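Okay, structure first, notes after.
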Amino acid sequence: MRDKWWKSLLSPLAAAGLLLAVAAPAVGPAGQAAAASGNGTIVDGLYEEPGNLNPILGPDMTYSQIVDTAIFRNLFMITPKGVMEPDLASVVPTVANGGIAKNGLVYTFHIKQNANWTNGQPVSCQDIYETWKVVTNPAVLAVTRLGWDDVANVKTISPKVCEVDLKKPFPAILIDDFSGNLPGIIPYSVFHGMTAQQINTASFNHDPTVTDGPYRFQSWAPGASITVVANPNWYGPTPKEGTIVFKIIPDENSLLANAQAHQINTYYFAPIEQAQQLKAISGAHVFFTPMAAWESADINFRNPVLQDRNVRVALEMAIDRQAILKKVWLGYGVLSAADQPPIIWANNPKLKPYSYDPKESKILLDKAGWKTGSDGYRHKNGKTLQLVYATTSGNPWREATERLVQYWFKQIGVKMVIHDYPANVYFGTVLPSGKGWDLGEFEWTEGYDPAASEEQLYETGGAQNYGNYSNPQVDKLLREQDTMLNQSSRQTVLRQEQALLHKDLPALWYYTPDEIDAAINLTGYQPDPWYVETWNCYDWQLTQ
Amino acid sequence: MSLVPRRATPLPTSQANPRFESFAHLVWRRFLRHRIAVAAAVVLLLIMLAAILAPWVSPYQLGQPDLAAMLAPPSLHHPMGTDDLGIDLFTEVLFGGRVSLSIGVFAALVAVLVGGAVGSISGYFGNLVDALLMRVTDVGLSVPLLFVVLLLSLLIGPTPVSIVTIIGLTSWMYPARIVRSQFLTLKKRDFVEAARAVGMRSARIIVREILPNAMAPLIVNATLLVGQAIILESVMSFLGAGLTPPNISWGYLLNQAQSFTTSAPWLAIFPGLMIFLVVLAVNLVGDGLRDALDPTSNQRMH
Amino acid sequence: MGVFIVRRLAQAIPVIFLISLLLFFMMHAMPGGPLAMYVHQPGITKAMLEQIRVDYGLNQGIWTQYLDWLGKAVRGDFGYSYVYAQPAISMMLQRLPATLELMLSSFLITIVFSFLLGVYSAVRQYSFGDYLITVVSYFGFSMPTFWLGLMVLVLFSVHLHWFPAGGMATAGAAFSLGDRLWHLILPMLVLAFYTLASESRYVRSSMLDVIHQDYIRTARAKGVGERRVIWRHALRNALLPVVTVMVMDAAYLFGGALITETIFSWPGMGRLFIQAILQSDYPVLMAVVSFLSVVIVLANIVADVLYGLLDPRIQYS
């Protein structure tokens, strides 16, 4: 008997293995695709799994927005050209067409007659009312209350006509709250009467059966994929394919392998190192899109060494940013003179990026009193000129940049120590604490309105003013433009502010990189720097 | 603290214990018979030598980028090619070897010292001491390793010294168990009873009498730990908690290479090959040592 | 023996308690924290962050938080995930089948091949085959998993198109067993490769010990066939020490598969775990860690019991 006991151990194991292969959650089968002109399955590679699919709940995750936008729509959307167009609404309100009151306090929205939720209920003013109530409930983990907090009332004129009254003028409300998702609009029929706790943990958040987008939710296999199928009753163009599977692939190299093996049709935000490899894939179209974002290295003004402008300029001029852009980014991007990139109206075109001039850097450091010692590094009052450079770990291009900067700094006698952190530690603890770094590199992506970024990043006491930069003139300009209703006067002021930032160097200005996305065997895909990639997913069509 | 052996290798000298000199000779002769293990040892020594002599052997200066020669394939100028900054990969591999090998060796040393101390105290004294120390060991064994490694690296920062400490302090449990089980068996042997009978102090019995006899599986385990530490260090790089330049290791290079698997495969091949060679060699040497130290025993490395 | 098991179980309780205590405090010491994902939200204010802190109970003293967690955890309530707002325990259980599928299948492969290779190596000690097996099996052991996984993916999926590039099933396709197995093969082999190396070595050395024992010589002398000697008499005796090691390896596979799961987009517990670390999702982290610790502690007891069965010299006093 004894010699066989291990066999008896093995056979149930084998049976269990097979059984589990059957029992484990499967990706749902393709749905009936009568709603679409084609019935193919588009596979969309997602680097991160969305936390939930409720368009008003946090946390703020780009990948949640991407999936949300396939199944939820908002009143308006911003097209790739940066123009606002109606989506659920039938017209964009303006002062001219009477949609916005002259005092900026009353907005009237007309919802499309044929805009319905998937449970048959019309999308109506009630939904906007409910969204307002839910978002402003302090116990709801809303992704943001910006804008919604300024709403005084939501009045139903008729089911499809809605009046939103504001407490004070807030022109950005159309962009911040009524375009795109996070926050979006939630269905009254689902959320009416729920407590905050019920809303935070509603099954709807992971099983959103009532939606109003080109596709509707079908299934979510935790950790694996989210499947949506074409919505036959959508008011917009008929989706060209039957199914989109959002496949969660939490590793960039695996994403590349999936693209190369033709197992995904889209790949968003690819790192630059993969650009050439993506281009080499047959049937792949790689998109390089200028972004409303920039890469820079915040200066930590808590370090007295960096309070000397000469030192900051010396550092900026010691870095061959042109070479980084040309060699590391293969030319896909544009150098910065200050923060705002050229596609933003606040950008000041008169400003020119600092030149790469290590000789000048050395002169400036000499002027600042830093003398080169026998070890090749600069010293002053017995202190070595040493800076800690921090950024997020795991980004090859950032690590390449760091190593280059380290080398270039050494050439002018500055010793640089690299200390990288995982993103959540870097943004959650390291940058805000102001400790453990002198130069902190990161990328900032901004919304449609540039002033918000300026106030967060460079105004004294700004929420993301990590380096404690403070210039009363900048503060004054930012406050001035805040009350201006006219964009061209705001532009003049923000351009002045940009000139100050260029001179002051609250950060080492680097560049604005292009966003890199790939569509493989897929037509209709069109990146939109103001929205998320699925904004026109109804147009996506497989080529085979 | 008097119970902790102060020497790194507590093998008694020949004067102290003549039995051991002949034993060492025997082991040496047996090891030499194990030809694969000898070959592995030679390879290991050569790699170590190259790493130690890196500043003199390497054709380029470390960390000197050449943006005109980015991602150059292996050639006469660059025998292993260049990386994404145009830095000579051969140079990086040589210097990376210094870091990786030292991390491997020192981490194993820390683990063996801590584990040896815990194991011998636990095994020799038994009872309450044993129960307590074994619970601590259980805790160590049951805590998810990568969680602790990741956390500690975030807390104290990824320098070579901190990584040695982290890896060492998360891998002492197996050596502890090995030594303990050796002690459990050995402490009942006649020569220990005899030592006790003549009134030898516990510390002396542990260090002089039992430990030398318990060394064989510990040495074997230590060699394996060297390989494991090198691997673990590379995994830390993968998880974003590894070393940062200028402290490059093979793990760092390998992790960097992942983005270039199809465009510049040499970046991954050479550091990967080095890790493979060293870990393989270390394991083969370990095998040889095990056979040489005790070819018929049923000691199992744990 | 029964007393021994009861005593080991009793000892396990403080161990599990200590682990939870240790991990809870370490987790809270970890920089980053659950609020990190909120600080970049548009329009976020300090007051809103403070509100979230209060909602999560993070404003309380660490001991209060721990005791609160412990009190609920012993009743099976591990709280809600910060990121998913779902019960942490159900999130973990959702991932369990995928982990079990990968773990058990690779464990199975490991057992079968480690016995075949280990016994062969032992019987033909120092032969060419022995060395070949040594080198090949060490290959898995000597390569970081993340690297081996990626190489396998690039080779078999990108270049040869033999296997899918990760995931558990073809996206959008109806369920089929063949499809599931097809997806399982690469991650299973990568994972198995890693444990195969060490376990075939255990089998080899364990067999070597046994082969030289008197009773095996006796069996041979009695004219028992060589195959029968090896596979019946020798292996039976070499088995138990190996089994104890395998029990532990199986336990570690639960948590140790996180890199393989990441590379192969496998929706298992390891990935949930690493994601929870990166997002500081405390409730999920504690749920997974507690589960893993219990599994490992229990496996430890099982291994000890098996070891005792093998070695009568150890007394369970």
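On a predicted model such as this, the values are computed, not experimentally measured, just so you know. The analysis underlying the following values was restricted to heavy atoms, covering all of them including side chains, and did not include hydrogens, waters or symmetry mates. Chain letters run A, B, ... following the sequence lines, proteins first, then strands; residues in each count from 1.
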Minimum heavy-atom distance between A:E49 and C:Y84, given as atom pair plus value: OE1-OH, 3.0 Å
Within 6.0 angstrom of C:F113 CZ, more than 12 heavy atoms from elsewhere: no
Nearest-0.5 Å distance that lies between atom CD in A:Q197 and atom OH in C:Y80: 6.5 Å
Minimum heavy-atom distance A:G428-C:A36, with the two atoms named: CA-CB, 3.4 Å
Heavy-atom contact with chain C under 4.5 Å, split by part of A:P432: neither
Under 3.5 Å donor-acceptor, C:Q94 side chain and A:P222 backbone: no
Euclidean distance, A:L46 CG relative to C:S265 OG, rounded to 0.5 Å: 11.0 Å
Heavy-atom contact with chain A under 4.5 Å, split by part of C:F146: neither
For the student: nearest non-hydrogen atoms of A:N253 and C:L150, plus distance: CB-CD1, 3.7 Å
Minimum side-chain heavy-atom gap C:P31-A:V430 below 4.5 Å: no
Heavy-atom pair of closest approach, residues C:I263 and A:S254: O-OG, 2.6 Å
Which atoms of A:E48 approach chain C - backbone, side chain, both or neither, heavy atom under 4.5 Å: side chain
Residue part contacting chain C, namely of A:L255, when any heavy atom lies under 4.5 Å: neither
Selection from C:G33, C:P164, C:G167 maximising heavy-atom pairs under 4.5 Å formed with chain A: C:P164
Chain C contact via A:N258 - which portion, at a heavy-atom distance below 4.5 Å: both
Closest approach of C:V158 to A:Q260 (non-hydrogen atoms, all atoms of both residues): CG1-CB, 3.4 Å
For the student: nearest non-hydrogen atoms of C:V83 and A:N52, plus distance: O-ND2, 4.4 Å
Options C:R95, C:Q51, C:H161, C:Q275, ranked by heavy-atom pairs under 4.5 Å with chain A, top entry: C:R95
Side chain / backbone / both / neither for A:A257 at chain C, heavy atoms under 4.5 Å: both
Reported OG1-to-CG distance for the pair A:T429 and C:L35, which is rounded to 0.5 angstrom: 9.5 Å
Any side-chain heavy-atom pair of A:D251 and C:E261 under 4.5 Å: no
